[in-house]
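A short write-up of the structure that comes next.
Every heavy atom of this structure was used, including side-chain atoms; hydrogens, water molecules and symmetry mates were not. Bear in mind the structure is a predicted one, so any value in this text is a computation, not a measurement. Each chain gets a letter, A, B and so on, in the order its sequence line appears, and its residues count up from 1.
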There are 2 protein chains.
Amino acid sequence: MTVTETTGTGIRVEATTEARTDSCAGPPRADRRPDGEDLYTISEVAAFTGLTTHTLRWYERIGLMPHVDRSHTGQRRYRNRDLDWLDLVGKLRLTGMPVADMVRYAELVREGDHTYGERFELLKATREDVLARIAELQDTLAVLDRKIDFYADAGRALAWERTR
Amino acid sequence: MTVTETTGTGIRVEATTEARTDSCAGPPRADRRPDGEDLYTISEVAAFTGLTTHTLRWYERIGLMPHVDRSHTGQRRYRNRDLDWLDLVGKLRLTGMPVADMVRYAELVREGDHTYGERFELLKATREDVLARIAELQDTLAVLDRKIDFYADAGRALAWERTR
DNA sequence: TAGAACGTTGGAGTGCACTCCAAGCAAGCG
DNA sequence: CGCTTGCTTGGAGTGCACTCCAACGTTCTA
């Protein structure tokens, strides 16, 4: 069985062999076409995601993209679920997660439902990393603010100096 | 003139040609010796900062360290102000600031008081970057939490399934 | 005073995440 | 049809931030 989330409305249980989806997307994005007529060329996807076509092909080569459909002539035709996946990858990339770890997650998704536990653990560990990063950045922000205040004061002192 | 901050007590204006300090440190750290007897070997500094000795020498080569004192035989002898600087560099590194930009900041510090304005602007821009990074991470955290909730629910659904 | 541990240098090497290239096939348009 | 633009591939190249090396000098401990 596959458990599939339907956006914001809880979960739905259905019988299918489709183990490819990550089963959990966000709200639909504005620039997309509705499911069913969602076939995007690689350059469209590049425009949506901000990645280059090079990077999109590279992601596929290293196993970070879960097999993209092809046209009858072999060109890539991305679908909405691929954009969802790339959104997630983009988010994870922002956390500083190494590509190898994202590939690991992609493998777990490909392997099917029995990896739910491992995915769960991986996400929880990532969550902790993100919290730690945020804390670090807030620490840095405090240092920065202290220095900024200092230079603002110094600027005023120098301006005062010039009036003498 | 040089404006020097004395920790937490506002600013002090003094006549000196010393333009080397960044003029703005935080509270003293625990593992340090008091000023005056603050001479650390490169490996001590490596232990304090978590950087390798390789990296410390490399920072110096590329102009990211503002000239470290040497013993009579030419070995590096770091001082508290160097540790302060490395603390700041460590913080800026966490923000994802490229080393080249940090070198630029180091150059401004070396160039003296007339770069205060530019330093101020650089720090403010960095501050904005950090705020943006924090916002991104909080966004990512929301996505992560949504997925974690999903997998937690899915785990419960599968457990329920197994009881049938 | 021996030996281990630590320090010095310039230059070369590493790992990551892209980024580009060449040569060729595919698609849309006047 | 010809032209331009876009897509395909494997493999090579790039930029960043270290990371290591060899060959040697210094400092510390027994």
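- With salt bridges taken as basic N to acidic carboxylate O contacts below 4.0 Å, none links Asp69(A) and Arg77(A).
- Side-chain atoms of Thr55(A) lie closest to dT19(C) of the nucleotides dT19(C), dT8(D), dC18(D).
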Every protein N/O lying under 3.5 Å from an N/O of nucleotides 25-29 of chain C:
from	atom 1	to	atom 2	distance (Å)
dA26(C)	O3'	Thr73(A)	OG1	3.3
dA27(C)	OP1	Thr73(A)	OG1	3.0

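- Note: CG (Leu39(B)) to P (dG7(C)) measures 14 Å, nearest angstrom.
- Looking at Glu136(A) and Arg133(A), a side-chain N of the basic residue comes within less than 4.0 Å of a carboxylate O on the acidic one, giving a salt bridge.
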Practice prompt. Let me have a per-nucleotide readout for nucleotides 9-14 of chain D, 5' to 3', with B, S or -, counting only protein heavy atoms under 4.0 Å.
Written response: B-B---
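- Contact check on Glu111(B) versus Arg119(B) returns no salt bridge, with no Lys/Arg side-chain nitrogen under 4.0 Å from an Asp/Glu carboxylate oxygen.
- Listed nucleotides: dC7(D), dT19(D), dT8(C). Nearest to the side chain of Ile42(B): dT8(C).
- Counting non-hydrogen atoms under 4.0 angstrom, Thr53(B) reaches nothing in the nucleic acid.
- Of the candidate nucleotides dC18(C), dC18(D), dG7(C), dC18(D) has the atom lying nearest to any side-chain atom of Trp58(B).
- Nearest to the side-chain atoms of Val99(A) among the listed nucleotides dA17(C), dT19(D), dT19(C) stands dA17(C).
- Between His54(B) and Ala100(B), it is Ala100(B) whose nearest contact on DNA chain D lies nearer the 5' terminus.
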